[in-house]
Undergrad: 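There's a structure below that I have some questions on.
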Amino acid sequence: MQRPSIPKGTRDFSPQELRRRYYLMDIIRKHFEIFGFAPIETPCFENLSVLTGKYGQEGERLIFKILKSGDFMKNSLEHFDEEKHITSDYFSTRALLPEISEKALRYDLTVPFARYVIMHRNDINFPFKRYQIQPVWRADRPQKGRFREFYQCDADVVGSRSLWQEVELLQLYDSVFTELRLPVVIQINHRELLVALAEMAGIGQHWPIFINALDKWDKIGAEKAHQEMLEKGIPEKVLNELKPLFKENADFDYHLSKFSQLLVSSEKGTNALSELNFLWKKSRELGMQNAKLRFNGKLARGLDYYTGTICEVLPEVGASYSIGGGGRYDELTGVFGVKNFPGVGISFGLDRIYLAMETLELFERGKIEKLPILFVNFGQREALQSMREIKALRKKNIPSELYPEAIPLNKQLQYANKKGTYWVALMGEREINEKTILIKNLANGIQTSYNDLDQLAKDYRELIK
RNA sequence: GUGGGCGUAGCUCAGUUGGUUAGAGCGUCAGGUUGUGGUUCUGAAGGUCGCCGGUUCGAAACCGGUCGUCCACCCCA
């Protein structure tokens, strides 16, 4: 017999894990609503044409394509006989793709949202603030903190160029991570600043190459990055000017003033810097509860569609991968042939937030597992009386349940213990006669006799608060 | 797409230069305990050593292939 398995990079979620995920989702959703975002959902798969050309070369490769259902190869093989196909790369994946696939799993939530906005633009009241919590799929090779199926929690605003949206989104990040008690650093940069730098470096339209090398600065070290840029044709003189700009541990103001001096003659650069300055100043005046804002001139972000401010969230400790990211994309709907729908948005990476929370042991059991009180089953007569009490407790929103069978008490306690139950209720002959309920706290073994259901409910509510 | 590590019980892993019948801890199940769990004691079940081929008198071990998995790069949440 064949052993069953699941595709690599996917996971089953068991009760304890899923409760923790729901806890995170509930908090994120709550703050989305408080900030005035409205929920939408889009299909798990889109027409392939909606997704292609939006994510850059790397991203394109990682889109999961869905095979057509028909017998499409039959057609292809007929064509194969023709001479012109034999000489071409007809059977290369690229050439074959339109023949075998026209749909794909969504790669992120932003592009489907842009598609949604275009299709519903006559019904939408702009500026439109939407949130979306759904899985996305990437045909990446899995590793630590990287899955092929994972959840994104996105909040985006479409229809406003106001920088107050950016300020608000930073506040949103701060609110969520403050409630989660997860210390984070939000790194901020601006796409136009990078473009301006590339222009100054004299490599104009090849700025992605420059950005890519810049992005490696932290990973491979300043010297190697320097060397790589030289090889890519960036003048030594320019590099020497740039170097001090990427100084570690310098504050926002330091960076802004240094860049301003360098880019005085660049309109793009000056504009980007004034936008960054606005974000920085307003965020400071409003105040951030916990999240720390850092300027990072090396932050690039690979997705093609960003045009303005970009940001990335990292856990303050044990930071190896981002747990959120976002930015402004003023031209995204343009690729669908509709202009003037500027957008800006952020994403929370649920799975990575989960990992960071787990590492720092920030999941509190009482907040996450609202486990029911288990009533022991002593027999038919006691079970009926237990069910009466359970019904009353449930009406008070106290989770409770009856063990379904009258097996020996130690077996029932064993079950409760494994399940993680906080309280077991014993209602046997003794208790029925005395009109009481005996509560056993499994954490410490202490037993308390209750004759008032309201008091019992109140104490339990306190316990799982 | 590129590079590396690891596949032995449900889980984590031992297994000597290749040598008879493959082990431990945890977990599971049964019992000591039919109104007291989590501790403890006794016992039991559980394996085509990932798969295919090769070397050998003999392979869990060595070689080749293959599949799976984890990690790193690229990129990203």
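To find a chain, count down the sequence lines: A is the first, B the second, and so on, and within it residues start at 1. Keep in mind that this is a model prediction, so the values were computed, not measured.
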Undergrad: Is there a side-chain contact between Q143(A) and the phosphate of rC71(B), meaning an N or O under 4.0 Å from OP1 or OP2?
TA: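 Checking Q143(A) against rC71(B): no side-chain N or O falls below 4.0 Å of OP1 or OP2.
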Undergrad: rG68(B) pairs with which nucleotide, Watson-Crick or G-U wobble, both distances below 3.5 Å?
TA: rC6(B)
Undergrad: How do R148(A) and N444(A) order along RNA chain B: which one's closest nucleotide is nearer the 5' end?
TA: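 The residue whose closest nucleotide sits nearer the 5' end is N444(A).
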Undergrad: Heavy atoms only, 4.0 Å cut-off, all strands: where does G56(A) land among base, sugar-phosphate and nothing?
TA: nothing
Undergrad: Which base sits across from rG1(B) as a Watson-Crick or G-U pair, both distances under 3.5 Å?
TA: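 rC73(B) - that is the nucleotide pairing with rG1(B), both distances being under 3.5 Å.
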Undergrad: Sort out the partner of rG58(B) for me: Watson-Crick or G-U wobble, both distances under 3.5 Å, none otherwise.
TA: none
Undergrad: Ring centres within less than 5.5 Å and planes less than 30° apart: is that true of F150(A) and rA77(B) in this structure?
TA: yes
Undergrad: Decide yes or no, distance alone: a donor-acceptor N/O pair under 3.5 angstrom between the base of rU2(B) and the side-chain of R141(A).
TA: yes
Undergrad: Nearest whole angstrom, please: distance from the P of rC29(B) to the NZ of K411(A).
TA: 8 Å
Undergrad: Within the structure shown, what part of the strands sits under 4.0 Å from I407(A) by heavy-atom distance: base, sugar-phosphate, or nothing?
TA: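 Contact class for I407(A): none.
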Undergrad: Kindly say whether the aromatic ring centers of F64(A) and Y107(A) come within a distance under 6.0 Å.
TA: no
Undergrad: With distance as the sole criterion, do the side chain of N417(A) and the base of rG37(B) form a donor-acceptor contact below 3.5 Å?
TA: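 Between rG37(B) and N417(A), which were checked side chain against base, a qualifying N/O pair under 3.5 Å is present.
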Undergrad: With a 3.5 Å cut-off and just heavy-atom distances, do the side chain of Q57(A) and the base of rG1(B) make a donor-acceptor pair?
TA: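 Under the 3.5 Å cut-off, the side chain and the base do not form any donor-acceptor pair.
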Undergrad: Measure the CD1-CE distance between I186(A) and M288(A) for me, rounded to the nearest 0.5 Å.
TA: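 If I round to the nearest 0.5 Å, the distance is 4.0 Å.
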Undergrad: Taking the C1' atom in each of rC41(B) and rC57(B), what is the distance between them to the nearest angstrom?
TA: 48 Å
Undergrad: Is any N or O donor-acceptor pair between the side chain of Q447(A) and the base of rU36(B) shorter than 3.5 Å?
TA: yes
Undergrad: Which one is paired to rU20(B), where only Watson-Crick or G-U wobble pairs with both distances under 3.5 angstrom count?
TA: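 In the structure as shown, rU20(B) has no Watson-Crick or wobble partner.
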Undergrad: Give a yes/no verdict on a cation-pi contact between R11(A) and F147(A), requiring under 6.0 Å between NZ or CZ and the six-membered ring centre and an angle within 45° of the axis.
TA: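 Judged by the rule, R11(A) and F147(A) form a cation-pi pair.
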Undergrad: Tell me the partner of rG35(B), counting only Watson-Crick (N1-N3 plus N6-O4 or O6-N4) or G-U wobble (N1-O2 and O6-N3) with both under 3.5 Å; none if nothing fits.
TA: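 Answer to the pairing question: none, since rG35(B) forms no Watson-Crick or G-U pair.
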Undergrad: Please confirm whether any donor atom in the side chain of K440(A) sits under 3.5 Å from an acceptor in the base of rU36(B), or the reverse.
TA: yes
Undergrad: Under 4.0 Å, counting only non-hydrogen atoms across every strand here, what does L409(A) touch: a base, just sugar-phosphate, or nothing?
TA: base
